[in-house]
Amino acid sequence: MNDREDVLILAIESSCDETAAAVVKNGREVLSNVISSQIDLHTLYGGVVPEIASRKHIEKINQVIEEALSQAGVTLEEITAIGVTYGPGLVGALLVGVAEAKAIAYAAGKPLVGVHHIEGHVSANFIEHPDLEPPFVCLIVSGGHTHLVIVKDYGEFEIIGRTRDDAAGEAFDKVARAVGLGYPGGPKVDKTAKEGNKHAVEFPRAKVEGAPYDFSFSGLKSAVLNYINHAKMTGQEIHVPDLVASFQNAVVDALVSRTVAAAKEYGYDKVAIAGGVASNSALRAEMKKACRKAHLSFYHPSPIFCTDNAAMIGVAAYYEYQKGARAGWDLNAVPNLKLGER
Ligand code: KG4
Ligand code: ZN
């Protein structure tokens, strides 16, 4: 049971390959967080197949929502508002969540709040850190995004750096595929790198001329591919753990150095990380070390709240709801929604 003043958000997330629903109380307390992953299905194809993702979302979504309500011990009547990811992501996948959220909100007479998926990732930091409030610097690293931002207020971002080519997660996935680790690449590289020497191969650290906080990972990816090709042509054996540890070290270096430099230059003493790649063990360890050295407080969500989930969408929806944001029945999926756009 909940008090009348409590704000309970039922959140829905279906932007990529996880069908997820959660109930979040007063923006920070996760009452349930149900995730139905399609990873096994997409592994067969080496990546997410959009058409399969949409179909699977349709099959799973009602069950996932029912479970989220039941695990939270609340009824739909007790829910204050419905929050849903409406972009960015795969259009067909997003549409499943958006249509479902609209139907539930309409039938139950509840307000609807559209949530930006990346705002959700950033908001994951609020779940386990009750003391964390804006402003702070946040590094957002997911499968499709690499952004360095200042979180000025809840849902308000100033972008100070971004990738010029591949997203960090994309680089992990491509390198994993090249060395035969398969999909999803990030977690497999993370695990394999633990057995390797991160200084075995010195890969280049690209800098973007005139943009100190921008990232570029395509050169690094090409360097890894060239290394593999060269080894194959000269008959040398590749030590996969050494290779991926060295690659991961180059990515982590680029991410950590820019994030800490930005916090210092812009004068913020709090640093957070968000997105699937934020669950990377080397990134977490190195960022922690560098922040301690620079006297910055470091925040990170637990791995389960880094990768796609609906709890983070519930948190973001709460702050949007409190600001008065309400979506109409014409809410649509926006696959290319930019950060800071509504
Ligand atoms: O945030 P997310 O779950 O979905 C998107 O919004 O894109 O991020 C998925 C990305 C994938 O590229 C995946 O390989 C990467 O996050 N990832 C990791 C790790 N876990 C997930 N990358 C490096 N290390 C990990 N442990
Ligand atoms: Zn995501």
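All of these numbers come straight from a predicted model, not from anything done at the bench. For the numbers below, each heavy atom of this structure counts, side chains included, while hydrogens, waters and symmetry mates do not. Whatever order the structure lists them in is the order used to number ligands and atoms, beginning at 1.
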**Close side-chain approach of E133 to Y154, heavy-atom, < 4.5 Å** = yes
**Backbone N/O of L8 and side chain of D6: donor-acceptor pair under 3.5 Å** = no
**Asked** Are F136 and I160 grouped together when hydrophobic residues (ILVMFWY) are joined by side-chain heavy atoms under 4.5 angstrom apart?
**Response** no
**Message:** For a distance under 2.8 Å, tell me if H145 has an N/O/S atom near the Zn ion (ligand 2).
**Reply:** no
**Prompt:** Any chance the rings of F247 and F172 have centres within less than 6.0 Å?
**Reply:** yes
**Message:** For V49, is there any backbone N or O sitting under 3.5 Å from a side-chain donor or acceptor partner on H42?
**Reply:** yes
**Prompt:** Taking just the N, O or S atoms of D308, which one is nearest to the Zn ion (ligand 2)?
**Reply:** OD1
**Asked** Which protein residues have a heavy atom under 4.0 Å from ligand 1?
**Response** H117, H121, S142, G143, G144, G169, F172, D173, G186, P187, D190, G275, G276, V277, S279, N280, T307, D308
**Message:** Looking at the Zn ion (ligand 2), is there an N, O or S atom belonging to H117 that lies under 2.8 Å away from it?
**Reply:** yes
**Message:** Using only atom types and a distance under 3.5 Å, with no angle test, would you say the side chain of K338 pairs donor to acceptor with the backbone of N336?
**Reply:** yes
Would you be so kind as to tabulate the donor-acceptor pairs closer than 3.5 Å made by side chains of residues 285-293, with sequence neighbours excluded?
| from | atom 1 | to | atom 2 | distance (Å) |
| --- | --- | --- | --- | --- |
| E286 | OE2 | K289 | NZ | 3.3 |

